[in-house]
Amino acid sequence: MLQLKNLSIVYDKEIILKDVDLHLAKNSSLTILGANGSGKSSLAKAISGLIPFRGDIILDDLNSHKLSVKDRAKLSTYIPAKLESYDLQISVREFILIGRFAHKPKWSNYSTTDYQKVDHIMSDLGISTLANQALKTLSSGQQQLSMIAQALAQESPLLIFDEPTAHLDPKNVVYFVQIFTQLKKRYTLVLITHDIQLAQVLKQPILFIQNKQAKLYRDNFFKPETLLKHYGVSFSHNNTYLGLDFD
Amino acid sequence: MTKLLWLVFIILTLYAPFVGSANINIHEILQADSLSSYIFFELRVPRILLAFFTGMGLALAGLLFQIIFRNPLMTPYTLGVSSGAILGAGISVKLSIGFTILGLTATSIFGFMGASITILLLIVLASKVADRGAHTLLLLGIALSLFYTAALMVLFYLSSFTQLSTIISFTMGNLSTVGMTTLFYIALASISIAVMIYFNRHELSILSISAEHATLKGVNTKKLSFILLLGSSLAVGLIVSITGSIGFIGLVVPHMMIRLYQKSGIELIFPIAMFGGLFLIASDLLARSLSAQEIPIGIITSFIGAPFFIYLIFKK
């Protein structure tokens, strides 16, 4: 589904990432870890067509350089940690409907099918009651769900979540993980996070970014010695501290 | 509240053609060849239509600029497009250029060129500072306006007394230059802006969230912004090249409607267009009735708009 070949990202003449290679099969999933400012979000944004890059990004056998903005939106989308919006009055339903834009013929309105899909997704995620509320009145957790709903309406096979749990309270973190696990069956998923506990719970291959390089770990990432090497602080398995129970 | 507002402005609009320096006899209006009929149908009604389409075009262009830059202070006026038009017009007056093309005077054509050059300059500058946010562009627009004002001062200094009064009337906005041809151009310009916004309403609705969001959802934001900015600025250039500088409509009207209806600006294309028109008709009515001598319309809108501008800055 997603292939990166010699991908490099340069911003303001500074190299952010160098020669990243990756192959992600359809309906598989990946967690990206790395320190602050290591380039995790830049990688996600390059894949989503938001920032320029060198090398190749292949989405579903199509080279990203040759894709139109609209066609790329049909293949992948990026869900930021927090929604920044100039327009604060848009309703949740209208916001989710935006996910259908890439599928809508130019000049025409959204179809009844588009609205039906949106309503269906809202009821699946349990946010139907929010449909007519203004987006600005929602909590962080509800905004997150609206963004996920919009991404699902977009029907792109690749979804990239950037720090999805950063602004969520524990209850919503657990709910997010349930949803994410559900999505694994039908989508190729990439999740960027700082949260090592979350990464461990998801049991996905880890792409670790450090010193402008990316390294893939199929397993063995969560050994204390590996973590010490990567993060420069020691981790230990003990029951002294309270951890969130995801099961 | 909403209904009352509309009612007041509609009544003012219906009342407007009966007010002016010459009294008209209501019974004679429908009599052909009477003086009252001439004043009513040939002067007052066209002037009200001119005010309507000018207000509509400026309000819609304001809405469009605010969405494209996602900043409530953005309008062609605050970015210096009007100042460009005035300088262009001023140059033609000073050089006593007196041709007419397709019903447009040299002053209008030079004004149009001034507005067009300004917007092209802004588009080039905008692409250079795109990552530094809308405020940078706003400052560039202000700097450009100040430069134009300085150049205009030089023109003032060099001009004869008659040239001076022509330029000044353009600087302060003037709706009295009515003729069917100019009315046609202004209606055409305003309707084009409305059409541009309407046919791109879905794209603009997504752009109202953020440029990044729009790209992710499949909108080619660069292309869309370029086409709409250029198209709407040319239309605004055409309007202000005829009416002169009428400021702050594009700032006040979209904001008022968004507050009133509690909806996204892009969902309010029709109310913003209508209220823009009615608002300028009411302002013009005020300009014509406050004193024995007509007050330039641009002064009225600036007296309302400038404090509103300050209010918007504080509200953020």
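Numbers restart at 1 for each chain; the letters A, B, ... are given by sequence-line order, proteins then strands.
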Chemist: How close do B:T215 and A:G49 get, counting heavy atoms only, and between which atoms?
Modeler: CG2-O, 4.1 Å
Chemist: Does a salt bridge link B:E203 with A:K106, judged by any charged N lying under 4.0 Å from a carboxylate O?
Modeler: yes
Chemist: What's the spacing between A:F95 CZ and B:I206 CD1 if we round to 0.5 Å?
Modeler: 10.0 Å
Chemist: For A:E84, which atoms come within 4.5 Å of any heavy atom of chain B: side chain, backbone, both, or neither?
Modeler: backbone
Chemist: Taking NZ in A:K136 as the centre, count heavy atoms belonging to other residues, nucleotides or ligands within less than 6.0 Å. Is the count above 12?
Modeler: yes
Chemist: Chain A heavy atoms under 4.5 Å from B:K217: which part of the residue, side chain, backbone, both or neither?
Modeler: both
Chemist: Take atom NZ in A:K18; do more than 12 heavy atoms of anything else shown fall under 6.0 Å from it?
Modeler: no
Chemist: Do A:Q89 and B:Y261 come within less than 4.5 Å of each other through their side chains, counting heavy atoms only?
Modeler: no
Chemist: May I ask you to check whether over 12 heavy atoms, not counting those of A:H120, lie within 6.0 Å of atom NE2?
Modeler: no
Chemist: Between A:D71 and chain B, with a heavy-atom cut-off of 4.5 Å, which part of the residue counts as in contact: side chain, backbone, both or neither?
Modeler: neither
Chemist: Identify which part of A:L97 has an atom lying under 4.5 Å from any heavy atom of chain B, answering side chain, backbone, both or neither.
Modeler: neither
Chemist: Which atom names give the shortest non-hydrogen contact between A:S85 and B:S208, and what distance separates them?
Modeler: OG-O, 4.1 Å
Chemist: Would you mind checking which part of A:K74 comes under 4.5 Å of any heavy atom in chain B, side chain (CB onward), backbone (N, CA, C, O), both or neither?
Modeler: neither
Chemist: Is the distance between the ring centroids of B:H213 and A:Y86 less than 6.0 Å?
Modeler: no
Chemist: Taking atom NZ of A:K26 as the centre, does the number of heavy atoms from other residues, nucleotides or ligands within less than 6.0 Å exceed 12?
Modeler: yes
Chemist: Return yes when atom CD of A:E14 has more than 12 non-hydrogen atoms of other residues, nucleotides or ligands closer than 6.0 Å, and no otherwise.
Modeler: no
Chemist: Let me confirm one number: the OG-NZ distance from A:S68 to B:K223, rounded to the nearest 0.5 Å.
Modeler: 9.5 Å
Chemist: Under a 4.5 Å cutoff for heavy-atom pairs, which residue among A:D87, A:L135, A:T77, A:I90 has the most contacts with chain B?
Modeler: A:D87
Chemist: Of all heavy-atom pairs between A:N109 and B:R201, which one has the smallest distance, and what is that distance?
Modeler: OD1-NH2, 2.8 Å
Chemist: Just checking B:K263: does its NZ atom have more than 12 heavy atoms from other residues, nucleotides or ligands closer to it than 6.0 angstrom?
Modeler: no
Chemist: Check the pair A:Y110 / B:H202 against side-chain contact (heavy atoms from CB on, under 4.5 Å), numbers first and verdict last.
Modeler: CA-CA 9 Å; A:Y110 293 101; B:H202 296 301; 3.4 Å; yes
Chemist: Stepwise, does the side-chain contact (heavy atoms from CB on, under 4.5 Å) test hold for A:L83 with B:I209?
Modeler: CA-CA 9 Å; A:L83 180 73; B:I209 293 170; 4.3 Å; yes
